[in-house]
Amino acid sequence: MGEAQRGLLSVIEKLKGSTEQEVRIVLLGLDNAGKTTLLKSLASEDVSTITPTQGFNIKSVASHGMKLNVWDIGGQRKIRPFWKKYLENTDLLIYVIDSADKKRFEETGLELSELIDEENLKGVPVLIFANKQDLATSSPASEVAEGLNLHTYRDREWQIQACSAVSGEGVQDGMNWICNNIVNKKK
Amino acid sequence: MAEEESEWILESIVGYLGSPEWVIPVSDFMENKCTVFDDEDENKLSYTDIHLQYKKLVETLLGNYMQEVGINEQQFLDACTSPFAKTKTLQSVFQPVLATDDFQMFRSLMVQKNTELQLQALSVIKEMNGALPECLTDGVDVMTELQDQEMKILQEVLKKSKDEYDKEMSRRLLLEHKVGSSSDKRLAESSKAQNTSSAASQPSGAAKLTSRPVTTDERQTLARAGGERKSAAKSSSTSKPSPDCGSNGVESRVLPAVRPPVKSGDPPLSAGSREQSSSLTPPEGWLEEAHREAGFSKPYTELSASQQEQLQQRAAYLRQQRDKLHALKKEQQKPKQTIVPEEAPAVVTPEISAEEKKKLQKRKHLADKLKEEVIKK
Ligand SMILES: Nc1nc2c(ncn2[C@@H]2O[C@H](COP(=O)(O)OP(=O)(O)OP(=O)(O)O)[C@@H](O)[C@H]2O)c(=O)[nH]1
Ligand SMILES: [Mg+2]
């Protein structure tokens with residue numbers, strides 16, 4: 001894509017002329033982590049009939065005077081190669097982890113570290129949700145952070161937040177962090 | 001000064017967005033790619049690539065246009081964000097442009113287009129076979145909610161567009177009446193005109209277009225449509241005595257793009273035969289698609305007779321518009337020529353005037369809006 005063309009697209013972007021600030025958020029993580037459940041609970045929708053995502057879902061959520069366009073892409077192994085296509089112009093990454101699935105901490109940590117290296121996510125803040133805290137077998141957020149080597153991420157803002165997408169606990173705290181960080185970044 | 005500039009630039013942009021240079025490639029793209037777009041909540045991965053292709057198409061088209069007219073991106077932006085651009089109607093004209101940056105909007109445009117095509121394909125099948133083939137009515141489970149919804153949408157759209165449709169019909173009738181020639185004479189005129197205009201450089205294209213036969217269903221529908229208006233316009237009192245020919249006469253009066261009766265001795269229109277009618281079916285994909293989406297058969301057969309009739313009428317009209325668009329495209333591909341004289345094309349050729357095009361666009365937007373509203377519920 002040539003420079004001039006890129007320019008034209010960004011012109012069209014400005015055409016929308018909405019006064020609201022729009023934010024693009026991408027929601028990623030392994031299959032079964034709870035991404036779609038989280039997305040639907042953010043949009044105040046029913047979370048009882050969710051099936052594994054084969055493609056992607058989008059919801060727009062109003063928060064702190066902003067319009068958050070949240071993209072939830074399927075996490076199955078065969079879908080992960082497609083993640084790259086959704087990263088352009090992303091303002092923030094939410095990475096969801098099933099805190100009860102210790103066996104896959106390494107796998108999910110690897111996927112995250114690969115994502116972080118993507119050019120399109122350079123410097124983009126990351127919120128990690130240590131999900132499924134309602135389960136007795138879940139690890140606390142600190143353990144998840146350790147399992148993922150989060151302390152090695154020095155090139156951007158990041159935060160880990162314990163939550164349960166099912167009960168909603170902790171979700172709002174995460175959203176508050178997001179909005180504070182977006183506002184800080186953009187203004 | 002700057003304001004004036006914005007004003008003419010905006011006018012030019014809007015003109016471009018209503019012109020065949022824009023409308024044809026964009027609607028071709030949508031028609032070709034829309035079949036995978038369904039109304040499921042979840043998006044398919046393939047939508048993303050199609051959206052990307054769409055962005056590229058729009059970038060290319062707009063880029064070329066801007067270069068041709070000699071405006072830069074800043075001027076474009078200024079014009080499109082000027083107060084003049086803020087009206088509701090203009091906002092809807094910009095929808096296909098904004099859809100490059102708004103996946104959700106793009107998706108809803110594609111879903112609407114798909115609905116439109118499926119309904120058309122369905123009525124084409126019905127028309128060709130007299131009824132839907134068994135494979136379409138058998139073994140398919142009951143009408144899903146979606147199909148139910150789509151029927152509702154269709155009915156809404158039909159209702160809304162009927163007015164304009166009627167207007168168009170009577171306008172043409174009037175026009176034809178003014179010309180006041182018999183169908184034979186008109187045929188002569190028409191071939192003459194074709195020779196001098198579109199047929200000259202695109203013989204096969206033009207021939208295909210004008211030889212588009214009329215199926216029985218269509219003929220009846222049209223005859224009826226014409227009949228309703230007959231008394232008002234008093235134009236068909238000279239029609240041939242036999243009822244069949246009579247309706248043909250009326251039909252050619254009402255829909256100039258359709259050929260006059262069998263009698264004229266022009267081979268391609270020797271009859272509204274089944275095989276020939278396949279030449280007016282949309283690109284292959286449609287039928288296949290309709291088969292695959294076999295569920296759509298149900299709602300159609302469950303319609304009341306008058307609803308079916310409405311659908312037929314609308315389908316015939318839509319196809320006709322489509323033919324015109326294709327003809328227009330052919331026209332576009334030729335080296336630019338002087339504009340064809342005003343009165344000739346109205347009677348003879350498939351060209352549409354700028355005004356008609358605008359009307360068509362408006363109608364489309366109206367229908368789209370409507371569908372969008374209904375879908376959103
Ligand atoms: N107990 C509990 N279960 C959860 C929670 N969040 C999600 N789940 C369950 O985990 C399963 C997977 O959830 P999804 O939202 O489909 O997971 P996903 O990340 O979207 O999975 P893919 O679409 O395959 O990528 C479902 O059965 C959810 O009900 C949670 O906080 N607590
Ligand atoms: Mg999912």
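Letters A, B, ... are given to chains in the order of the sequence lines, protein chains preceding strands, and every chain is numbered from 1.
- For Glu169(A), the CD atom sits in a loose shell: 12 or fewer heavy atoms of surrounding residues, nucleotides or ligands are nearer than 6.0 Å.
- The parts of Thr53(A) that come within reach of chain B are both its backbone and its side chain, each placing non-hydrogen atoms under 4.5 angstrom from that chain.
- With hydrogens and angles disregarded, no donor-acceptor distance shorter than 3.5 Å links the side chain of Asn43(B) to the backbone of Gly55(A).
- Taking CD of Glu42(B) as the reference point, atom CD of Gln54(A) lies at 6.5 Å (rounded to 0.5 Å).
- There is no contact between Gln74(B) and chain A, counting heavy-atom distances below 4.5 Å.
- Pairs of residues two or more places apart, or lying in two chains, never qualify as ring-ring contact (aromatic ring centres under 6.0 Å, His included) while including a residue from residues 93-151 of chain A.
- The side chain to side chain donor-acceptor pair (under 3.5 Å) pairs that include a residue from residues 40-49 of chain A are Glu45(A)-Lys59(A), Asp46(A)-Ser48(A), where partners are two or more places apart or lie in different chains.
- Contact count against chain A (heavy-atom pairs under 4.5 Å) is highest for Thr48(B) among Thr48(B), Thr100(B), Asp41(B).
- Atom CD of Glu107(A) has more than 12 neighbouring heavy atoms from other residues, nucleotides or ligands inside a 6.0 Å radius.
- Applying the ring-ring contact (aromatic ring centres under 6.0 Å, His included) test to residues at least two apart or on different chains, the pairs with a partner in residues 41-72 of chain B are Tyr16(B)-Tyr65(B), Phe29(B)-Tyr54(B), Phe37(B)-Tyr47(B), His51(B)-Phe103(B), His51(B)-Phe106(B), Tyr54(B)-Phe106(B).
- Residues from residues 80-87 of chain A that place a non-hydrogen atom less than 4.5 Å from a non-hydrogen atom of chain B comprise Phe82(A), Lys85(A), Tyr86(A), given in numerical order.
- For the atom pair Leu45(B) CG and Lys78(A) NZ, the distance stands at 9.0 Å (nearest 0.5 Å).
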